[in-house]
Amino acid sequence: MRIIELFRKEREYLEKSVLVRGWVRTKRESKAGISFIEVNDGSCLRNLQIIAEHRGSGYQEVLEKLTTGCSIGVEGKVVASPGKGQSIELHAAKIEVYGWADPATYPLQKKRHSFEFLRQIAHLRARTNTMGAVTRVRNRLSYAIHQFFQERGFHYIQTPIITASDCEGAGDIFRVTTLDPTRISSAESEAIYQQDFFGRPTYLTVSGQLQAEIYALSLGQVYTFGPTFRAENSNTSRHLAEFWMVEPEAAFCDLQDNLQLAESFIKAIIGACLDESAEDIDFFTRFVQPALRANLEHIVNSSFETITYTQAIDLLKKSTENFTFPVEWGNDLQAEHERYLTEKVFRKPVSIIDFPRAIKPFYMRVNDDHKTVAAMDVLMPGIGEIIGGSQREERLEVLLEQMRLKGISTEDYRWYVELREFGTAPHSGFGLGFERLVQFTTGLGNIREAIPFPRTPGHADF
RNA sequence: UCCCCGGUAGCUCAAUCGGCAGAGCGGGUGGCUGUUAACCACUAGGUUGGCGGUUCGAGUCCGUCCCGGGGAGCCA
């Protein structure tokens with residue numbers, strides 16, 4: 001029996017006998033002959049209070065040794081609690097200990113630990129209230145993502161993790177090789193790749209977008225939800241070397257449709273958490289970020305703002321804010337600029353569209369002014385850019401010109417070009433950083449708490 | 001990679017001007033109580049991140065390296 005089930009149907013289980021299994025969070029002794037044991041089984045935030053009488057139980061020895069971290073199974077009767085803080089409790093008839101946890105060496109205490117410390121014990125931090133709550137929210141968001149797309153006829157596809165494309169993004173990428181590193185350094189540069197597993201240089205993917213386009217131009221609407229890798233040496237609270245990305249891609253869909261999709265998407269999945277992870281959201285609101293619940297409700301209830309890059313530049317130029325970086329048409333927006341727009345000017349999510357052609361990738365559709373492309377960045381208060389997307393360039397000639405201008409090899413991307421030669425169609429899509437969404441939804445300050453086992457420069461433990 | 005801050009008991013932190021290294025929690029022992037971050041008493045626990053320097057004397061000042069955090073860039 002899972003504890004959440006018990007709490008959900010309290011009346012139904014009252015005076016009934018049940019078996020609950022989980023981990024001891026804390027134990028309070030009463031020498032009058034009672035032990036109070038709080039058990040958590042991960043099904044929900046709340047602990048179940050176990051009442052264990054010493055008298056005649058034969059468990060006095062067990063109860064004395066029971067400490068935080070032990071795993072136990074308790075059989076007993078569900079009764080109404082006379083104490084404050086819980087409506088029901090479990091009156092133990094039988095207690096089985098599956099595993100002990102030496103209190104002298106078990107690292108988790110009943111008190112608050114720093115996140116830095118908990119990261120060092122990622123195998124045990126999952127047993128804390130915070131990480132348990134993050135994990136359940138992350139799970140609920142994942143489920144909501146699939147629900148959202150499935151309900152709208154999008155097909156879930158899997159794009160490759162190992163790729164030979166190395167110029168999709170500007171960032172550094174991870175090499176994938178079976179070669180002995182000592183041989184690589186001593187070898188002739190080009191010839192060595194022919195001896196490698198794939199017979200050519202290969203990397204971990206930085207995006208499944210280009211492959212998703214293939215399936216959008218055949219199944220109509222698809223989405224990916226998988227791991228993505230960036231070898232960028234960035235040490236911030238918003239970056240991971242290995243993270244999960246959601247990338248919908250839809251045919252016969254222009255930038256306006258794309259914006260609409262992004263807005264409905266974010267509202268739907270955050271709304272699902274507000275409704276169905278209410279207890280965990282309330283926990284974060286109480287202990288992590290007091291304004292969290294109000295912020296999330298605001299996101300769900302507000303309509304997102306959409307402005308063009310040119311309008312954004314105007315707003316920034318008019319502002320009295322002291323920016324470190326100059327505001328000039330043609331420069332990319334800096335974090336401080338994005339924060340100002342979404343947190344101070346509009347105080348809600350803002351989509352910025354139609355960026356200068358020169359600062360965006362080759363695949364984005366060139367607008368009629370020939371100076372901008374149909375790009376969109378969705379900015380969220382508190383974390384900045386959460387979604388980046390665009391309408392893709394579907395016109396063969398324009399795409400070839402873009403590739404020429406950006407120095408992209410038409411040989412290497414022959415297949416991508418052929419999608420425009422054979423039955424091309426307008427299409428759009430975007431990418432959403434999943435951990436940033438988890439971060440936003442939980443209010444946690446560091447993205448390293450948004451994923452069970454964070455990979456960052458110098459850290460690949462567990 | 002750059003800038004800033006930090007590293008003291010198992011954990012969270014304090015230590016005045018450079019002058020005997022401390023508290024709370026956790027652990028152990030005992031007491032008390034339908035308890036709720038339980039409470040009370042006692043107790044054990046330290047190469048102050050490493051190396052070098054200044055000084056009668058360094059947790060504290062200087063140099064250097066390592067590690068961590070925050071911010072920036074890059075991005076999702």
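We name chains A, B, ... by the order of the sequence lines, and we start the count at 1 in each one.
B:U47 sits 13 Å from B:G59 when the P atoms are compared, rounded to a whole Å. To the nearest whole angstrom, the two C1' atoms, one in B:C25 and one in B:U16, are 26 Å apart. A distance of about 34 Å separates the P atoms of B:C62 and B:G45, rounded to the whole Å. Taking atom P in both B:U55 and B:U60, the straight-line distance is 16 Å, to the nearest Å. Between B:U12 and B:U33, the two P atoms lie 35 Å apart (nearest whole Å). Taking atom P on both nucleotides, B:C4 is separated from B:G10 by 32 Å, rounded to a whole Å. For the C1' atoms, the distance from B:G18 to B:C56 is 12 Å, rounded to whole Å. Rounded to whole Å, the C1' atom of B:G49 lies 25 Å from the corresponding atom of B:A44.
Partner of A:Ser43 under the side chain to side chain contact (heavy atoms under 4.5 Å, CB included) criterion, out of A:Val20, A:Ile4, A:Leu6: A:Ile4 alone.
Here A:Glu336 lies out of heavy-atom contact (under 4.0 Å) with every strand. Within the nucleic acid shown, A:Ile51 comes within 4.0 Å of at least one base atom, counting heavy atoms only. Using a 4.0 Å heavy-atom criterion, one finds that A:His459 contacts the sugar-phosphate atoms exclusively. Here A:Arg46 lies out of heavy-atom contact (under 4.0 Å) with every strand. A:Ile386 comes within 4.0 angstrom of sugar-phosphate atoms only, judged by non-hydrogen atoms across all strands, and of no base. Within 4.0 Å (heavy atoms only), A:Glu385 reaches sugar-phosphate atoms of the nucleic acid but no base atom. Within 4.0 Å of A:Ile387, counting heavy atoms only, lie sugar-phosphate atoms of the nucleic acid but no base atom. Counting non-hydrogen atoms under 4.0 angstrom, A:Phe243 reaches a base of the nucleic acid. Using a 4.0 Å heavy-atom criterion, one finds that A:Ser234 contacts the bases of the nucleic acid, with or without backbone contacts as well. Within the 4.0 angstrom heavy-atom criterion, no nucleotide atom of any strand lies near A:Glu242. The residue A:Thr68 sits apart from the nucleic acid: no heavy atom pair falls under 4.0 Å. Looking at heavy-atom distances under 4.0 Å, A:Gly85 makes no contact with the nucleic acid at all.
For the OP1/OP2 pair of B:G69 and a distance below 4.0 Å, the side-chain nitrogens and oxygens of A:Arg119 include at least one atom meeting the criterion. Residue A:Thr236 places no side-chain N or O under 4.0 Å from the OP1 or OP2 atom of B:G73. Between A:Gln334 and the phosphate of B:C74, there is a side-chain N or O to OP1/OP2 separation shorter than 4.0 Å. Between A:Thr26 and the phosphate of B:A38, there is a side-chain N or O to OP1/OP2 separation shorter than 4.0 Å. Side-chain N/O atoms of A:Arg112 include none lying less than 4.0 angstrom from OP1 or OP2 on B:C13.
Closest to the A:Glu232 side chain, of the nucleotides B:G69, B:C74, B:G34, is B:C74. For A:Glu38, the side-chain atoms get nearest to B:U36 when compared with the rest of B:U35, B:U36, B:G69. In the set B:U36, B:G71, B:U1, B:U1 carries the atom at the smallest distance from any side-chain atom of A:Asn235. When distances are taken from the side chain of A:Glu116 to each of B:U36, B:C11, B:G69, the shortest belongs to B:G69. Looking at the side chain of A:Arg28, the nearest of the listed nucleotides B:A38, B:U33, B:A76 is B:A38. In the set B:G28, B:U35, B:A72, the nucleotide with an atom closest to the side chain of A:Pro103 is B:G28.
Nucleotide B:G26 holds its C1' atom 11 Å from the CZ atom of A:Phe117, rounded to whole Å. When the C1' atom of B:A9 is taken as reference, atom CD of A:Gln109 falls 12 Å away, rounded to whole Å. Atom NE2 of A:His239 and atom P of B:A72 are 10 Å apart (whole Å). Whole-Å rounding puts the A:Phe325 CZ to B:A72 P distance at 9 Å. For A:Arg238 and B:C74, the CZ to C1' distance is 10 Å, given to the nearest whole Å. Between A:Ile447 atom CD1 and B:C75 atom P the separation is 16 Å, expressed in whole Å.
In a base pair of the Watson-Crick type (N1 to N3 plus N6-O4 or O6-N4) or a G-U wobble (N1-O2 and O6-N3), with each distance short of 3.5 Å, B:C61 is matched with B:G53. Across every strand in view, B:A76 sits unpaired, with no contact that passes the Watson-Crick or G-U test at under 3.5 angstrom. Judged by Watson-Crick or G-U wobble contacts below 3.5 Å, the nucleotide B:G68 has B:C5 as its partner.
In this structure, A:Arg293 contributes its side chain and A:Ile281 its backbone to no donor-acceptor pair below 3.5 Å. A donor-acceptor contact shorter than 3.5 Å is absent between the side chain of A:Thr26 and the backbone of A:Glu38.
Summarising the local packing, CZ of A:Arg112 is surrounded by 12 or fewer heavy atoms from other residues, nucleotides or ligands at distances under 6.0 Å.
You'll find the ring centres of A:Phe149 and A:Phe265 inside the 6.0 Å limit.
To the nearest 0.5 Å, the span separating CZ on A:Arg339 from CG on A:Leu333 amounts to 13.0 Å.
Using cut-offs of 30° and 60° on the angle between ring planes, the pair A:His146 and A:Phe225 is tilted.
Between A:Phe434 and B:A76, no base-stacking contact is recorded for ring centres under 5.5 Å apart and planes less than 30° from parallel.
Classification of A:Glu435 and A:Arg448 as a salt-bridged pair fails, no side-chain N sitting under 4.0 Å from a carboxylate O.
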